Amino acid sequence: MAVTILIGAQWGDEGKGKIIDVLTEQADMVVRYQGGNNAGHTVEVGEDQYILHLIPSGILHPGKLSVIGNGVVVDPLALLQEIDGLQARGVKIRGNLYVSDAAHVVFPYHRLLDELREQQKGKGKIGTTKRGIGPAYADKVARTGLRMGDLLVPDRFSEKLRRKVRETNDIFRALGSKPLSFAKLNREYLAAAKRLKPLITDTVTLLNAGVRDRQEILFEGAQGTLLDIDFGTYPFVTSSSATAGGACTGAGIPPNRIDRVVGVMKAYTTRVGEGPFPTELVNKQGEALRRAGREFGATTGRPRRCGWFDAVVSRYSVMINGINDLAVTKLDVLDHLPKLRVCVGYKVGRKVYETLPHDADLLQRCRPIYQEFDGWMTPTSHLTEFDQLPKRARVYLRRLAEFSGARLSIVSVGARRSQTIMV
Ligand code: IMP
């Protein structure tokens, strides 16, 4: 496996958590490199279900190192809550989890700003998770953010926070919102810092030592390619680099040390939040997919928008991320459908697009060009070998891989680790 990046090839929620969990068996280190607790990775281990937001799923495997890299934005209170929840279920954290000292900190004023900006946008809102992710990255880029390393130097931390709260309270007053108390924030964050201190370290050196020693390293992407700040359907995107390139900048690993990129995609498509989604089914079929696939957000519980597989999106993802291997998830959700459709291009008036337009307004106007497939109408969730799959399911999967331009390597037919077919 060597150094592997796993990314979402659609709009997030592709079922990455489960594939990461399967691949983690072979990994020594599992690394988050972007996003924050806007993510929600659902992992089922035996009868137990875990939903992880910030901590890499490596934590569920004893003896593996889990790393939160510099490219992540960390809400220390949310992290502690996640740690407490895992510890209460017997998961060992000390010595198994490290957080980069260069990762930026998410504060309540980021969450409040996130919410206020969404309110101000009204109909044009992004539909964020309201976890303060956008404003935290904005501070990072504006060079006014605080980093996890600052938490280790209390006086400096308090001084920086005082300045930041003053600045943000001016904005809140202008927006007609209540100012925040510096003293309360300072107290809460310094208390969190005491508990997190043993975990905060120079993860860049730690990870590069792992690369040097030929450890097996798995980078787990959060969100998905179409939510990437540069390559997604801007402005309906998240604020980080959710594509493979983000792993290099978000963890400090050089590009030439990456051996493999695994792209995870559902056998159909979903999206939460606003923004263009050409193959969306705003009808009973969409509702049926949502019900069959239990398509509700792991972080916010919001119903996901559902639609057919979009090969324009998957081709684009393969190109942007350099995907070698495809993992197709939730095949079983399609088991009962007599006919399936795959979008192979878009049309606006008479103009045909075979690649993804970057203009969200144009994408909104795109109508899908579909190819139709016969459904297999047979249960698949108990199958363990590719050859056992119904012929029509194999044809469908092979075509998805061909359309996308990468090798089909994994098929998932259920939430459990055992429901994974290696092709
Ligand atoms: P933010 O990341 O909270 O700023 O939200 C920006 C957009 O990304 C919204 O459309 C969210 O619904 C979407 N988003 C953020 N995190 C996830 C995720 O983990 N899965 C799917 N969508 C996400």
Side-chain angles (χ1 to χ4, degrees), residues 6-20 32-43 51-57 71-75 78 82 104 106-121 123-141 220-243 246 250 264-266 268-277 280 290 293-307 313 317 329-330 360 363-364:
L6 180 143
I7 50 95
Q10 295 159 322
W11 275 280
D13 305 318
E14 296 91 350
K16 294 181 293 293
K18 186 235 160 132
I19 305 296
I20 292 161
R32 270 286 301 273
Y33 59 88
Q34 45 75 227
N37 62 332
N38 49 349
H41 288 164
T42 308
V43 185
I51 299 180
L52 301 167
H53 297 286
L54 267 168
I55 302 179
S57 23
V72 177
V73 287
V74 181
D75 178 335
E82 205 168 318
H104 276 250
V106 179
F107 289 95
Y109 50 78
H110 292 130
R111 282 200 302 275
L112 205 57
L113 272 174
D114 198 353
E115 204 162 330
L116 286 170
R117 281 186 188 144
E118 283 283 270
Q119 273 170 19
Q120 284 209 321
K121 283 198 183 101
K123 257 180 114 186
K125 70 174 186 192
I126 294 166
T128 74
T129 61
K130 299 193 181 144
R131 297 295 189 273
I133 305 302
Y137 277 112
D139 273 354
K140 170 178 175 172
V141 176
E220 62 165 80
Q223 290 84 45
T225 301
L226 275 284
L227 289 173
D228 182 277
I229 184 73
D230 288 281
F231 304 110
T233 47
Y234 192 89
F236 303 99
V237 293
T238 191
S239 299
S240 64
S241 301
T243 39
V264 186
M265 44 182 78
K266 266 182 202 162
Y268 50 100
T269 312
T270 63
R271 163 163 215 176
V272 259
E274 310 303 316
F277 177 2
E280 182 174 14
R290 184 176 312 123
R294 282 177 283 143
E295 296 294 354
F296 295 89
T299 299
T300 57
R302 290 179 291 175
R304 296 178 185 142
R305 300 156 64 192
C306 298
V313 163
S317 284
T329 61
K330 296 191 122 173
L363 189 58
Q364 187 72 49

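Keep in mind that this is a model prediction, so the values were computed, not measured. Heavy-atom basis, side chains included; hydrogens, waters and symmetry copies ignored. Note that ligands are numbered from 1 as they come in the structure, with each ligand's atoms numbered from 1 the same way.
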Any side-chain heavy-atom pair of Glu118 and Ile126 under 4.5 Å = yes

Side chains of His53 and Arg131 in contact at under 4.5 Å (non-hydrogen atoms)
no

Provide the number and element of each atom of ligand 1 under 4.0 Å from a heavy atom of [X].
| X | answer |
| --- | --- |
| Gly127 | 9 (C), 10 (O), 11 (C), 12 (O) |
| Ala39 | 19 (O) |
| Trp11 | 21 (C), 22 (N) |
| Arg302 | 11 (C), 12 (O) |
| Gly273 | 10 (O), 12 (O) |

Inset, instruction - Let me see the working for Arg304 and Asp13 under salt bridge (Lys or Arg N to Asp or Glu O under 4.0 Å), right down to the final yes or no. - result: CA-CA 9 Å; Arg304 296 178 185 142; Asp13 305 318; 3.2 Å; yes

Result for side-chain hydrogen bond (donor to acceptor under 3.5 Å, both in side chains) between Thr128 and one of Thr238, Asp114, Thr300 points to Asp114

The residue among Lys266, Arg271, Arg302 that forms salt bridge (charged side-chain N to carboxylate O under 4.0 Å, His left out) with Glu295 is Lys266

Nearest heavy atom to atom 1 (P) of ligand 1, choosing from Leu226, Asp114, Ile229, Thr238, belongs to Thr238

The option among Asn38, Asp13, Leu227, Thr128 carrying the non-hydrogen atom nearest to atom 14 (N) of ligand 1 is Leu227

Inset, instruction - Using distance alone, decide if ligand 1 has a nitrogen or oxygen within less than 3.5 Å of any nitrogen or oxygen in Ser239. - result: no

Task: Polar atom proximity, Val272 to ligand 1 (N or O, under 3.5 Å) - done: yes

When distances are taken from atom 3 (O) of ligand 1, the protein heavy atom at minimum range is Thr129 OG1, 2.6 Å

With heavy atoms and a 4.0 Å threshold, my read on which part of Val237 contacts ligand 1 is backbone

For a quick test of reading the model, state the closest non-hydrogen atom pair linking [X] to [Y] and the distance between them.
| X | Y | answer |
| --- | --- | --- |
| Leu227 | Val237 | O-CB, 3.3 Å |
| Pro276 | Ala360 | CG-O, 3.7 Å |
| Arg305 | Glu274 | NH1-C, 3.5 Å |

